Amino acid sequence: MEMVKGFSHYWKRKEIRQQLDVIKGNRPPTKVITNAKWLNSVRKSWMEGNIWISHDRIVYVGKDMPINMTGTEVIDAADSYVVPGYIEHHSHPFLLYHPLTLAQYASERGTTTLINDNLMLLLYLNKKKALTLLDDLQKTPTTMLWWARYDCQTELINEADVLSYSNMKAWLDHPYVVQGGELTDWPSVLQGDDSMLHWMLETKDVRKPIEGHLPGAGEKTLTKMALLGVDGDHESMSGEEVLRRLDVGMTASIRYSSIRPDLSRIINELHELGLHDYDRLLMTTDGSSPEFLENGMMDHLIKLAMEQGVPFIDAVGMCTYNVARHYHMDDVVGMIAPGRLANINFLSSLSNPLPDHVLAKGEWVRKNGIPCFPDIQFPWEKYGFEPLNLDWDLTEKDFHFSIPAGLDMVNEVILKPYRIEHDLTVERLSDDSDELYFMLIDRAGEWTVSTAIKGFGKNIEGLASSYSNTGDIILIGKSKKGLMSAFQELKKQKGGIILVDQDGPVTQIPLTLSGGLSSAPMETLINQERKLKEALKQRGYKFNDPIYSLLFFSSTHLPYVRVTQKGIFDVKQKKVLFPSIMR
């Protein structure tokens, strides 16, 4: 069998020869860090010496200084603790922000490697454009790595095209794709889906781990997943669930995310259960919405872990060396040693994991506490990420609600069916109830699903969102006039999320890239999201994360019913209860 080139083949022969010339003294290093007190991740101890860097690679770590230092930048690290750049191994880089916005925000705070979900690229782009995008994003200072999904997490009309043999093969074989999964549709594999099992086995053949998605899984399910080749899982909701995963040989990731901010509690439970070995534990923000990331990325998680008694070196290891070993790429990232990418954080103290200075691929992205990621004018339009032009209109006959089953929100993301008893032919639903009209409309205007929803809010006049799992249009509101008004404002804005009342727009988040992603910097997005959340809460939204509510309405990895392109879908029975209607 031909082995796929892995991430280790990052440097070409000519570059490696030039790096060897630095050691020989025939060529100067680009940077030398002197007087470094650096973390040896293998020994779990502090070492002292000098670090030589040639462009984006560490070429020497030890006591010596280079013979040739013509033009070399010298960095005195006498006042710093030098640690590897942090790794976010479970990134969903499409939560209103786009991958480069997140990369900049993360790396300026020391998280210099992101391992990213590819779902939106599967849905939005053809294979050639998507894989070219991977190459182009890798040219930035952040180390951008990816997953290869086996399922689309919803019911798509064109799923066979999205998950075609050539698509799946190209993704799994790509050197910047370092894992299979996350495996949200694992019940299908257990029920005999040999196509998905084929791709899981292919993943193992190219020596890439498989990430599960196993909330609430018991011992038997975890055992079956281990037999299928699942290597890790990030869905533990208690210390006991973490141990369950470790006991079947998996790596367990502990979450601190906008939906599940429970890292501190879980670590505390692990300590109570007697676990003080952290080598098979990782940490993740699991695709949190912008406002939640205001306190930082992996730097914040390291701090939280330390507050629960995890030693500094182990807390750093949970998002550096442990991650790199799990992904079979500790020869390239995750430690300070010759041959690794020059992703390096300089800390002023061991109590504050937010670095004063950050090198990402040997380039400064934070210096003297000031973010300085390069201003990259990335050509998103080249990949088809353009403003959303809706060249069709809604008419009165679209507001025909005849489905007898509505959606009842249990929390941000769980929907149960309920029997609709109110008359949905009326223009406006009762202000006394928390029932709203709900529509999912094809972004090309070809079909609709129209029902009602309870629990999303009480007096929301109209909300329109082109931000959804599939890029289709969501409309929610108390009146049909409100739905129409919100839709028209969305059309005018060319994509995004917009809330209206009877006098017009209240607040909005423009999403200028295909109606799903913002081109604004993270700080702007944080403010926009905060305003939307406040406005929705004033109107009866009683949960914490409306962005995830919008994203997951169509996500069939969650119980009990979902609204998909095919119609209202029963997740457990895997069947369409009420089909979408062609317009």
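It should be emphasised that the depicted structure is a prediction, and the values quoted were computed from it without experimental measurement.
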S.K.: Mind checking what makes ring pair (Phe, Tyr, Trp, His ring centres under 6.0 Å) contact with Y10, not counting sequence neighbours?
M.R.: F7
S.K.: Please check: side-chain N/O of S349 versus main-chain N/O of S351, any donor-acceptor pairing under 3.5 Å?
M.R.: yes
S.K.: Kindly list each side-chain donor-acceptor pair under 3.5 angstrom involving residues 459-469, sequence neighbours excluded, with atom names and distances?
M.R.:
unit_1: E461; atom_1: OE1; unit_2: R428; atom_2: NH1; d: 3.2
unit_1: E461; atom_1: OE1; unit_2: R428; atom_2: NH2; d: 2.8
unit_1: E461; atom_1: OE2; unit_2: R428; atom_2: NH1; d: 3.2
unit_1: E461; atom_1: OE2; unit_2: S479; atom_2: OG; d: 2.8
unit_1: S465; atom_1: OG; unit_2: Y467; atom_2: N; d: 3.0
unit_1: S465; atom_1: OG; unit_2: Y467; atom_2: O; d: 2.8
unit_1: S466; atom_1: OG; unit_2: G496; atom_2: N; d: 2.7
unit_1: S466; atom_1: OG; unit_2: G496; atom_2: O; d: 3.3
unit_1: S466; atom_1: OG; unit_2: G515; atom_2: O; d: 2.6
unit_1: Y467; atom_1: OH; unit_2: F94; atom_2: O; d: 3.3
unit_1: S468; atom_1: OG; unit_2: G471; atom_2: N; d: 3.0
unit_1: S468; atom_1: OG; unit_2: D472; atom_2: N; d: 3.0
unit_1: S468; atom_1: OG; unit_2: D472; atom_2: O; d: 2.8
unit_1: N469; atom_1: ND2; unit_2: S555; atom_2: OG; d: 3.0

S.K.: Closest approach of W38 and I336, non-hydrogen atoms and distance?
M.R.: CZ3-O, 3.5 Å
S.K.: Might you work through the side-chain contact (heavy atoms from CB on, under 4.5 Å) test for V316 and I313, ending with a clear yes or no?
M.R.: CA-CA 5 Å; V316 168; I313 289 176; 6.0 Å; no
S.K.: Do the ring planes of H90 and H92 sit parallel (below 30°), tilted (30 to 60°) or perpendicular (above 60°)?
M.R.: perpendicular
S.K.: Judged by atom type as modelled, is there a donor-acceptor pair below 3.5 Å linking the side chain of K208 to the main-chain atoms of L172?
M.R.: yes
S.K.: Does the pair F553 and I453 meet the rule for a side-chain contact (heavy atoms from CB on, under 4.5 Å), with working shown?
M.R.: CA-CA 11 Å; F553 278 131; I453 187 167; 3.6 Å; yes
S.K.: Do side-chain atoms of W147 reach the backbone of E182 as a donor and acceptor pair under 3.5 angstrom?
M.R.: no
S.K.: Which residues pass the salt bridge (Lys or Arg N to Asp or Glu O under 4.0 Å) test with K533, sequence neighbours left out?
M.R.: E291
S.K.: Who are the ring pair (Phe, Tyr, Trp, His ring centres under 6.0 Å) partners of Y105, not counting sequence neighbours?
M.R.: none
S.K.: Any pair with a residue in residues 510-521 that passes salt bridge (Lys or Arg N to Asp or Glu O under 4.0 Å), sequence neighbours left out, goes on the list, sorted by first then second residue, please.
M.R.: none
S.K.: Can L145 and M329 be said to form a side-chain contact (heavy atoms from CB on, under 4.5 Å), step by step?
M.R.: CA-CA 11 Å; L145 305 173; M329 58 186 193; 3.6 Å; yes
S.K.: Closest heavy-atom contact between D151 and D185?
M.R.: OD1-N, 3.2 Å
S.K.: For the residue pair I414 and P559, establish whether any side-chain heavy-atom pair is separated by less than 4.5 Å.
M.R.: yes
S.K.: Between E211 (side chain only) and H234 (backbone N and O only), is there a donor and an acceptor less than 3.5 Å apart?
M.R.: yes
S.K.: Any idea which heavy atoms bring G477 and L483 closest together, and the distance?
M.R.: N-CD2, 3.3 Å
S.K.: Before giving the answer on side chain to side chain donor-acceptor pair (under 3.5 Å), spell out for Y256 and T284 the whole-Å C-alpha distance, their side-chain angles and the decisive distance to 0.1 Å.
M.R.: CA-CA 6 Å; Y256 185 72; T284 179; over 6 Å; no
S.K.: What is the minimum heavy-atom distance between P355 and R366, and which atoms define it?
M.R.: O-NE, 2.9 Å
S.K.: Sorted by first residue and then second, give each salt bridge (Lys or Arg N to Asp or Glu O under 4.0 Å) pair with at least one member in residues 293-321; sequence neighbours left out.
M.R.: K44-D314, E294-R530
S.K.: Please report the closest heavy-atom contact between L499 and A535, naming both atoms and the distance.
M.R.: CD2-CB, 3.6 Å
S.K.: Rounded to the nearest 0.5 Å, how far does CE of M120 lie from CG of L125?
M.R.: 11.5 Å
S.K.: Do S54 side-chain atoms and R57 backbone N/O form a donor-acceptor pair below 3.5 Å?
M.R.: no
S.K.: Looking at Q493 and G495, would you say the former's side chain and the latter's main chain have a donor-acceptor pair under 3.5 Å?
M.R.: yes
S.K.: Which pair of non-hydrogen atoms, one from K31 and one from G362, has the smallest distance, and what is that distance?
M.R.: NZ-O, 2.9 Å
S.K.: Check E489 with K492, please: is the shortest side-chain N to carboxylate O separation under 4.0 Å?
M.R.: yes
S.K.: Applying salt bridge (Lys or Arg N to Asp or Glu O under 4.0 Å), name anything that partners K128, two or more places apart in sequence or on another chain.
M.R.: none
S.K.: Output yes when D117 and R149 qualify as a salt bridge under the 4.0 Å nitrogen-oxygen rule, no when they do not.
M.R.: yes
S.K.: Just wondering, do M306 and P353 contact through their side chains at under 4.5 Å, heavy atoms?
M.R.: yes
S.K.: Could you tell me whether a side-chain N or O of S554 sits under 3.5 Å from a main-chain N or O of V563, the two making a donor and an acceptor?
M.R.: yes
S.K.: Examine the side chains of H357 and S80 and answer whether a donor and an acceptor come within less than 3.5 Å of each other.
M.R.: no
S.K.: Knowing that exactly one of W380, Y124, F378 qualifies, which makes a ring-ring contact (aromatic ring centres under 6.0 Å, His included) with H98?
M.R.: W380
S.K.: Quick check: does any side chain N or O of N322 sit under 3.5 Å from a backbone N or O of Y278, one acting as donor and the other as acceptor?
M.R.: yes
S.K.: Looking at D356 and N368, would you say the former's side chain and the latter's main chain have a donor-acceptor pair under 3.5 Å?
M.R.: no
S.K.: Using the test salt bridge (Lys or Arg N to Asp or Glu O under 4.0 Å), find all partners of K367 that sit at least two apart in sequence or belong to another chain.
M.R.: E73
S.K.: Could you tell me whether a side-chain N or O of T524 sits under 3.5 Å from a main-chain N or O of A520, the two making a donor and an acceptor?
M.R.: no
S.K.: Tell me the salt bridge (Lys or Arg N to Asp or Glu O under 4.0 Å) pairs involving residues 84-113, sequence neighbours left out?
M.R.: R109-E523
S.K.: Report the relative orientation of the aromatic rings in W364 and F346; use parallel for angles under 30°, tilted for 30 to 60°, perpendicular for over 60°.
M.R.: tilted
S.K.: Are I497 and L96 packed together at the side-chain level, in the sense that at least one heavy-atom pair is separated by less than 4.5 angstrom?
M.R.: yes
S.K.: Can you name the ring pair (Phe, Tyr, Trp, His ring centres under 6.0 Å) partners of Y327, sequence neighbours left out?
M.R.: none
S.K.: Under a plain distance cut-off of 3.5 Å, with no hydrogens placed, do K361 and Q138 share a side-chain donor-acceptor pair?
M.R.: yes
S.K.: With a sphere of 6.0 Å drawn around CG of D79, does it hold more than 12 non-hydrogen atoms of other residues, nucleotides or ligands?
M.R.: no
S.K.: Between T142 and T140, does any side-chain donor sit less than 3.5 Å from a side-chain acceptor?
M.R.: no
S.K.: Does the pair L347 and F312 meet the rule for a side-chain contact (heavy atoms from CB on, under 4.5 Å), with working shown?
M.R.: CA-CA 12 Å; L347 309 182; F312 174 87; 3.5 Å; yes
S.K.: Please assess S519 against T512 for the test side chain to side chain donor-acceptor pair (under 3.5 Å), listing each intermediate value before the final yes or no.
M.R.: CA-CA 7 Å; S519 51; T512 54; 3.0 Å; yes
S.K.: Under a 3.5 Å threshold, yes or no: a donor from one side chain and an acceptor from the other, between N544 and S258?
M.R.: no
S.K.: Does the distance from a Lys or Arg side-chain N to an Asp or Glu carboxylate O, for R325 and D330, drop under 4.0 Å?
M.R.: no
S.K.: Under a 4.0 Å N-O cut-off, is there an ion pair linking E235 with R255?
M.R.: yes
S.K.: Output all residues satisfying salt bridge (Lys or Arg N to Asp or Glu O under 4.0 Å) with D231, sequence neighbours left out; order by chain, then residue number.
M.R.: K204
S.K.: With sequence neighbours excluded, what pairs up with H326 under the ring pair (Phe, Tyr, Trp, His ring centres under 6.0 Å) test?
M.R.: none
